Structures are given as C-alpha cells and as structure tokens.
Amino acid sequence: MLDLKFIRENPDLVKLGVGNKNEKNTVDEILELDKERRDFLQRTEELKAKRNTVSQEIARLKKSGENADGIVAEMRDVSDEIKSLDDKLRIISDKLNVLLLWIPNLPHESVPVGKSAADNIEDRQWLPEGFKFENEAPVLDHVELGKKLNILDFERGAKISGSGFPVYVGKGATLERALINYMLDLHLAEHGYTEMMPPLLVNRDSMTGTGQIPKMEEDMYHCEKDDLFPIPTAEVPITNFHRNEILNESDLPIKYVGYTKCFRREAGSYGKDSKGFLRVHEFNKVEMVKFVKPESSYYELENLVNDAEDILKALKIPYRILKLCTGDLSFSAAKCYDIETWSPAENKWLEASSCSNFDNFQARRANIRYRKTEDKKVDFVHTLNGSGLATSRLMVSILENYQTPEGKVIVPEVLQKYTGFKIIE
RNA sequence: GGAGAGAUGGGUGAGUGGCUGAAACCAACGGUUUGCUAAACCGUCGUAGGGGUUAAACUCUACCGAGAGUUCGAAUCUCUCUCUCUCCGCCA
C-alpha cells in the first residue's frame, strides 16, 4: 500500500510508476475520493467536538439538578446528523481503500523501465569450470531422465491429484529432501538465518498483507468453508509472522528461512511451458524473508541475492542474474532480481529464484513497524524475500547438468552426504 | 461439537454510564544526588487521522479484541463475530 499522503503530494510520480508497471491508473479517482473524504471528516469531527463539550455541559446541569431537556433534544438531532455523515464517510473510505489496495508498489529508481520480460537486463552470469553451452552427447530432458531412472512420476501424480502435481519416487524423493536440507543448513550456518516452519494455510488478512490479494486472488487455491488459502509461497506466512507488531530497532535485521510446500493454481497458463517441472501446482521451496531498516534495504537485497547464489555455486549449476524491468516487476515489489538456471535439454534459462525488495509496501499493508532507538519514534520496516531456492526448476537443472552419457545422474558433491548415495542409475 | 471464564497502553493490572486517553505499579528514557555501582528523589513516557506551521507550538477527532446497537453521552449496558484459557465429548 502506498501512503495516501504521498499520493496526494506526488500524483505525477505515482502515475508514472503505476504506468511503468502496466497497472491500472486510478490516481485521479483516488485524489477525488480523498478530497471528499477529508471534507466529510472535517464536518463530522466538528459536530463530534460539539457533542463532546455539550455532553459535559449536560452532565453538569444534571448534577446541579437543573433542567437539561432542551439541549438534550438538540443534541439528539446533532447525533443523528453525525450518524448519517459517518455512514457516508464510511462508504467513501471503503471505496478509497479498495482503490488503494489495487495500486501497486512503485519501482525503485534503479529499476530499468521496460514493457515486459523481454526488457529485463542480464546483470551477470556464473558458469562452473569447464562448462559449455554446446552438448557433445545428446542429452535427455528431466522428464525422460525421471522416467528412465524411476525417480519422478508425473503421470501418477496426475492420477492422484491432477496435472502439475509431481510424485518423487525412491532416490528422487531422497535427492529432493537432500537438496532442501542442504539449502536450509547452508543458510543457517553461513548466512545467519533463523529457521521457521509456518502454517501452509493462511487467512485473508495475511494474503492481503503481503499483496497477493486482491490482484492475484484467482491464482490462489481457496478453502471456501474456512476462507483459508494454501500458501503460494512461504513469504506470506513468514512475513505475516510480524503483522501488527512493533519491532525493536536493535532486533533488525530479522532474517528467517523456511522450507514449505507452495501451491499455485497457475490459472490461464495451461499448455504454456507445462512440461514436467516447468510449471507445477505444488512444489517445494526454501524461502528467505528479511525485516530491515529502511536505509539498508537495497544493500540487504544484494546480500539476499548472494545468499541464493551461494547455493548454486556450491551445486555447480550455471546461472544468470536478471534485473527485472518495471513492466515485469510483481505487484508488491520495488525492485527484483531473478536467478535463472541453465537447462541443457530445453536449451534455455529457467527461473529458479526471485529476490525482491518491497520497500515499505508490505509493511504498510501488514502494519509492521519498528521503534527507533534514538528518538523512540515508530516507522515502517522494509521487507524483502527471495527463494533460496525453489526446487522444481532447480531439479531440472541438476538432473540435466549432472547426467552421464549413459543417462545416469551423478549426485552433486555437496548433496552426497545428505543422500547417502553418489549416483542414480 | 457442548458448557463456562476472559480479551484494557511495552508489561502487570484498576476501572459497571459523564470529571477516564484511561489509576497504580513495573519497564524504558532524561535529570538530581553519588568515588563507581546500587538505592532514593524529580520529570518524561501511546497510536492513527484531520486542521495549522517553513518546521514546531497549538488544536480537533478516533482508538480499552473486531463489528453493529441503546443513549444527549459507552472501556463500562445489549447483540454478533474472532481469539485465548478451563472442563466435557469426538478424532488423531
């Protein structure tokens, strides 16, 4: 959520940012409603001030035994008027609030302006020693490998649940678990995160707090009976862990990491990139979430990316970092880096992580603040999060990059002590 | 699912219709005293929104779990909901 005062004072800046994000521009409507709201507010507050003073007068009269019937009757009318003004005010405020919830976060000034993913800018690449993009031997894709080695079963997953619900089998399941454990352990031991295991079903307020609702509501699964949502990312429960709280400045930055299942309907994306792991409804992800002081959030974003990169370097998976342009930035993000890993079989880069700074956008929505040590004032924190990493696309890269000419898969060295085996055949 | 108890500021907790934005205590912060620490004493100590100001000062409104209602006036009375605790039942 943007600060209404900021919109009031910088309408052109807001319009520009919203436009660059390809979102609907309702700034003028908002300003009009805001003006109307303040008008009503002033009128109703004047009447309330009157009511307060006269009420005391009535108390005094009654105490001294005097007759107060006249002003009591008069105040009855004032009260009625307050009620009707308050009703109108509420209607206006509700309308205004809905519009505000639909205004996206503004892109940071360092974000390149662009229309779509095609305008994203490659920041850097990292390739393991001896890596070549051209393959000498023919490569199997991850679906073929999964089938041949009997470690992944997409067909049976479809039978059990539907398409996009993979089953990990045997050493495939062990490898997945090893990967998750390895990533968690690295973030705990090397990067100073605190591990979290949050609920996988969250309420509407939490979804609104991090910005998935209203815009992405159609992409969420929904348990209607209880109005609960299976999480699309651990960002939601972990960020909302501190919803409606005031943190101490001395506790910042707070860094959490958690492994969860993630659930996404991926509405409207059928048939697109739908093979195997490339688009799934349920997947595993290790997510990092940070609560930081405003002045350090862009520095923390770079660190967040580095934390995710460390995993890929250790796994020796080729990857590149993209700086997302304004048009490809998600609703709540002010700045975002995507990390893409290389798939030799698809012969392209696959998104495996997204690291974003939300500035104070989520903090406003979720009301997460901190008290400054120096002047005791409260201010909104900045929130960040990044996948570190999502396993599905990463598993594609691991299986394909680590396959042997015979179609076996070597387990990456750092995972071997977690799997207990070195090769899948 | 049934029965009961409860929800007040950073914490404990008082408060059953007007003088309560809210006692008291604790914590925190500033100061005095002190060789240092401690203790004692004095003072400060909510959030949000509107008006106002270069900025303040100042001023108004709202907020005692959430929402509605009664009343000239609600932390206080009524209703609904949420959450927490205790007991019973059911399931794991």
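Quick note on labels: first sequence line is chain A, next is B, and so on, each numbered from 1. Predicted model, so just to flag it, every value in this text is computed and none were measured.
In a base pair of the Watson-Crick type (N1 to N3 plus N6-O4 or O6-N4) or a G-U wobble (N1-O2 and O6-N3), with each distance short of 3.5 Å, B:rA75 is matched with no nucleotide. The pairing partner recorded for B:rU20 is none, the criterion being a Watson-Crick or G-U wobble arrangement whose two distances lie under 3.5 angstrom. Across every strand in view, B:rG10 sits in a pair with B:rC26 that passes the Watson-Crick or G-U test at under 3.5 angstrom. Figure legend. B:rU34 is base-paired to no nucleotide; pairs are counted as Watson-Crick or G-U wobble with both atom distances under 3.5 Å. Remark: B:rC81 base-pairs with B:rG65. Criterion, Watson-Crick or G-U wobble with two distances under 3.5 Å. Pairing of B:rC58, defined by two Watson-Crick or G-U wobble distances under 3.5 Å, is identified with B:rG51. For B:rC45, there is no paired nucleotide, since no Watson-Crick or G-U wobble pair has both relevant distances below 3.5 Å.
A salt bridge links A:Glu309 with A:Arg124: the closest approach of a Lys/Arg side-chain nitrogen to an acidic carboxylate oxygen falls below 4.0 angstrom. In this structure, A:Lys83 does not pair ionically with A:Asp86, as no charged nitrogen and carboxylate oxygen lie closer than 4.0 Å. Remark: A:Asp141 engages A:Lys275 in a salt bridge, criterion side-chain N to carboxylate O under 4.0 Å.
Using modelled atom types, no side-chain atom of A:Arg156 and backbone atom of A:Val167 make a donor-acceptor pair closer than 3.5 Å.
Nucleotides B:rG6 and B:rU78 have their P atoms positioned 12 Å apart, rounded to a whole Å. Nucleotides B:rU16 and B:rU8 have their C1' atoms positioned 14 Å apart, rounded to a whole Å. One P atom belongs to B:rU53, the other to B:rA14, and the distance between them is 46 Å to the nearest Å. Atom name C1', nucleotides B:rG1 and B:rG15: the rounded distance is 36 Å, in whole Å. B:rA7 and B:rA75 have their C1' atoms separated by 12 Å, with the value rounded to a whole Å. Taking atom P in both B:rU54 and B:rC72, one finds a spacing of 43 Å when rounded to whole Å. Distance noted for atom C1' between B:rC60 and B:rG21: 14 Å (whole Å). Taking atom C1' on both B:rU20 and B:rG46, the two are 15 Å apart, rounded to the nearest angstrom.
Counting non-hydrogen atoms under 4.0 angstrom, A:Arg51 reaches the backbone sugars and phosphates but no base. In this structure, A:Arg369 reaches the sugar-phosphate backbone alone: every heavy-atom distance under 4.0 Å involves primed, P, OP1 or OP2 atoms, never a base. Using a 4.0 Å heavy-atom cutoff across all strands shown, A:Ile58 reaches at least one base atom of the nucleic acid. Residue contacts for A:Arg364: at a heavy-atom cut-off of 4.0 Å it reaches no nucleic acid atom on any strand shown. Contact annotation for A:Lys50: no contact, since no heavy-atom pair falls under 4.0 Å across all strands. The residue A:Gln56 sits apart from the nucleic acid: no heavy atom pair falls under 4.0 Å. Heavy atoms of A:Val378 sit under 4.0 angstrom from primed sugar atoms or phosphate atoms, though from no base atom.
For A:Glu32, the CD atom is loosely surrounded, since the number of other residues' heavy atoms within 6.0 Å does not exceed 12. The environment of NZ in A:Lys147 is sparse: at most 12 heavy-atom neighbours from other residues, nucleotides or ligands sit within 6.0 Å. Heavy-atom contacts from other residues, nucleotides or ligands closer than 6.0 Å to NZ of A:Lys261 number more than 12.
Across the interface with RNA chain B, nearest-nucleotide mapping of A:Thr44 and A:Asp87 shows A:Thr44 to be the residue nearer the 5′ end.
Put simply, chain A comes within 4.0 Å of RNA chain B, heavy atom to any atom, from B:rG18 to B:rG73, going 5' to 3'.
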message: Show, in sequence, the C-alpha distance, side-chain angles and deciding distance for A:Ile7 and A:Leu100, and conclude whether the side-chain contact (heavy atoms from CB on, under 4.5 Å) test is met.
response: CA-CA 10 Å; A:Ile7 300 177; A:Leu100 281 175; 3.6 Å; yes
